[in-house]
K.L.:
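Take a look at this one; I'll ask things after.
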Amino acid sequence: MISKRNLVFLGAPGAGKGTLAQILCQEMKLAHISTGDILRAEIKNGTELGKKAQSYVTSGGLVPDDLVADMVAKRLLEKDCQNGFVLDGFPRTVNQADLLEKALAKIGKKLDGVVYFEATEEILIKRLTARLMCRKCNSIYNTLFTPPKNKGVCDKCGTELFQRPDDSLETAKDRLKIYNEQTAPLVPYYKAKKMLSTIQAEQPKDKSYPELIKVLS
Ligand code: ADP
Ligand code: ZN
């Protein structure tokens, strides 16, 4: 069992935070809040928010802080967050971190910890450009490291897998640059608040998962 349950997962695109968040949330009954997944769903459904976010997401840029912060604040009110939650992909700027703290204070909650997934740029590029995703259940695969049992098809639901347009080599490089400029400053930010635990993200997930459980215990 884990004692830290209100969590932020921090790390570059491709660090594997989404994959570990899916496993952890399922096992520990936490709400998995992936801002990337929510934004992609809003875009697919053609909502107001989706229309505003579309150009940023497809180009690999960041959606404006206020839009994402409001979206997360709303999500945190849902019932499944009572038992704890993992914010995966939020905050991505120091300003978003401040907005998150305010939103949590408003509903009488606070973060228990921040897990930082550390990996070299070389691994990140390799992982991102080999990533495949399920259209239906959002499961994540990787043709190099964690291929599906049947080529191009989701193990869990049988749906066809696809490569996200923002996982092409060029856009992946742009996203890493944006990460280094805008999101990486959150590492010293949360370290200064004594909230940060670091996981080496380069190892396979059967090694990093027990490490994750240990830092959350
Ligand atoms: P990854 O972590 O692999 O980069 P995500 O699925 O988390 O991908 O996010 C995909 C895209 O959604 C981002 O490139 C960005 O455009 C948008 N996005 C997701 N979360 C945020 C956020 N917190 N702030 C701004 N934009 C975001
Ligand atoms: Zn699926």
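Quick note: numbers below take in every heavy atom, side chains included, and nothing from hydrogens, waters or symmetry partners.
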K.L.:
If you group Ile, Leu, Val, Met, Phe, Trp and Tyr by side-chain heavy-atom gaps below 4.5 Å, do L212 and I23 land in one group?
P.N.:
yes
K.L.:
Above 12 or not: heavy atoms from other molecules or residues under 6.0 Å from CG of N150?
P.N.:
no
K.L.:
Step by step, would you call D166 with R131 a salt bridge (Lys or Arg N to Asp or Glu O under 4.0 Å)?
P.N.:
CA-CA 11 Å; D166 57 341; R131 178 156 73 175; 5.8 Å; no
K.L.:
How long is the span from the CD1 atom in I2 to the CG atom in L7, to the nearest 0.5 Å?
P.N.:
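Answer rounded to 0.5 Å: 6.0 Å.
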K.L.:
Once rounded to the nearest 0.5 Å, what's the spacing between atom NZ of K156 and atom SG of C137?
P.N.:
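SG of C137 is found 5.5 Å from NZ of K156.
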K.L.:
Tell me if a side-chain donor or acceptor on D80 pairs with a main-chain N or O of A31 at a distance below 3.5 Å.
P.N.:
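No, the answer is negative, given that no donor and acceptor are paired below the 3.5 Å cut-off.
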K.L.:
Going by an N to O cut-off under 4.0 Å, is there a salt bridge joining K126 and E122?
P.N.:
no
K.L.:
Which is it for E202 and E118 under the side chain to side chain contact (heavy atoms under 4.5 Å, CB included) test, yes or no, and what are the steps along the way?
P.N.:
CA-CA 7 Å; E202 317 212 332; E118 195 171 35; over 6 Å; no
K.L.:
May I ask you to test the Q96-D98 pair for a side-chain heavy-atom distance under 4.5 Å?
P.N.:
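They are not in side-chain contact.
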K.L.:
Can you list the steps and then say if V86 with K17 is a side chain to side chain contact (heavy atoms under 4.5 Å, CB included)?
P.N.:
CA-CA 10 Å; V86 174; K17 54 189 191 314; over 6 Å; no
K.L.:
Look at E211 together with K214 and state whether they make a salt bridge at an N to O cut-off of under 4.0 Å.
P.N.:
no
K.L.:
Any pair with a residue in residues 81-94 that passes salt bridge (Lys or Arg N to Asp or Glu O under 4.0 Å), sequence neighbours left out, goes on the list, sorted by first then second residue, please.
P.N.:
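Sorted result for residues 81-94: empty, none.
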K.L.:
Determine, using the 4.5 Å side-chain heavy-atom cutoff (strictly less than), whether I43 and L49 are members of one ILVMFWY cluster.
P.N.:
yes
K.L.:
Kindly indicate whether the side chain of Y209, heavy atoms from C-beta on, has any atom under 4.5 Å from the side chain of E27.
P.N.:
yes
K.L.:
Measuring only between side-chain heavy atoms, which start at C-beta, is N6 closer than 4.5 Å to F85?
P.N.:
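Contact flag for N6/F85 side chains = yes.
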K.L.:
Do S208 and Q203 have side-chain N/O donor and acceptor atoms under 3.5 Å apart?
P.N.:
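Their side chains do not contain a donor-acceptor pair, so the 3.5 Å distance test is not met.
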K.L.:
Among I178, L186, N180, which residue satisfies the side chain to side chain contact (heavy atoms under 4.5 Å, CB included) criterion with Q182?
P.N.:
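Only one option passes, and that is I178.
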K.L.:
For K29, is there any backbone N or O sitting under 3.5 Å from a side-chain donor or acceptor partner on N83?
P.N.:
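Here the side-chain-to-backbone pair exists.
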K.L.:
Measure across R127 and A201 and return the closest heavy-atom pair with its distance rounded to 0.1 Å.
P.N.:
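Closest heavy-atom pair between R127 and A201: NH2-O, 2.7 Å.
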K.L.:
For the pair V114 and Y189, evaluate side chain to side chain contact (heavy atoms under 4.5 Å, CB included) and give the outcome as yes or no after the intermediate values.
P.N.:
CA-CA 11 Å; V114 176; Y189 172 93; over 6 Å; no
K.L.:
Any chance CZ of F145 has more than 12 other-residue heavy atoms, nucleotides or ligands included, within less than 6.0 Å?
P.N.:
yes
K.L.:
Measure across T183 and P91 and return the closest heavy-atom pair with its distance rounded to 0.1 Å.
P.N.:
CG2-O, 4.4 Å
K.L.:
Compare all side-chain heavy atoms of M133 with those of D37 and state whether any distance is below 4.5 angstrom.
P.N.:
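In contact.
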K.L.:
Do E181 and K177 have side-chain heavy atoms sitting under 4.5 Å apart?
P.N.:
yes
K.L.:
Give a yes or no answer on whether the side chain of E42 reaches the backbone of K52 with a donor-acceptor pair at less than 3.5 Å.
P.N.:
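No, the answer is negative, given that no donor and acceptor are paired below the 3.5 Å cut-off.
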K.L.:
Could you report the tightest heavy-atom contact between S217 and I213, atom names first, then the distance?
P.N.:
OG-O, 2.7 Å
K.L.:
Is it true that L67 and V94 fall in one hydrophobic cluster, defined by side-chain heavy atoms closer than 4.5 Å?
P.N.:
yes
K.L.:
If I take atom CE from residue M195 and atom CG from residue L10, how far apart are they, to the nearest 0.5 angstrom?
P.N.:
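These two atoms lie 11.5 Å from each other.
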K.L.:
Which atom pair, heavy atoms only, marks the closest approach of K205 to P210?
P.N.:
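Heavy atoms of K205 and P210 come nearest at O-CD, 4.3 Å.
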K.L.:
Is it possible for you to say whether L87 and Y116 belong to one hydrophobic cluster, with membership spreading through side-chain heavy-atom contacts below 4.5 Å?
P.N.:
yes
K.L.:
For D112 versus S3, what's the shortest heavy-atom pair and its separation?
P.N.:
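Closest pair (atom of D112, atom of S3, distance): OD2-O, 4.3 Å.
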K.L.:
How about T19 and Y141: do any of their side-chain heavy atoms sit closer than 4.5 Å?
P.N.:
no
K.L.:
Closest approach of A21 and H32, non-hydrogen atoms and distance?
P.N.:
CB-NE2, 3.5 Å
K.L.:
Check step by step if side chain to side chain contact (heavy atoms under 4.5 Å, CB included) holds for F117 and L20.
P.N.:
CA-CA 10 Å; F117 294 81; L20 280 185; 3.4 Å; yes
K.L.:
Nearest 0.5 Å, please: how far is CD in Q163 from CG in L128?
P.N.:
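One finds 9.5 Å between CG of L128 and CD of Q163.
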K.L.:
Mind checking the CG-CD spacing from L76 to Q82? Nearest 0.5 Å is all I need.
P.N.:
11.5 Å
K.L.:
Atom CG in L104, atom NZ in K102: separation rounded to 0.5 Å?
P.N.:
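Output value for this atom pair is 12.0 Å.
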K.L.:
Can you check whether T35 reaches V63 side chain to side chain, under 4.5 Å on heavy atoms?
P.N.:
no
K.L.:
Is the shortest heavy-atom distance from the side chain of I33 to the side chain of C81 under 4.5 Å?
P.N.:
yes
K.L.:
For residues F90 and I38: do they belong to one hydrophobic cluster (side chain heavy atoms under 4.5 Å, members Ile, Leu, Val, Met, Phe, Trp, Tyr)?
P.N.:
yes
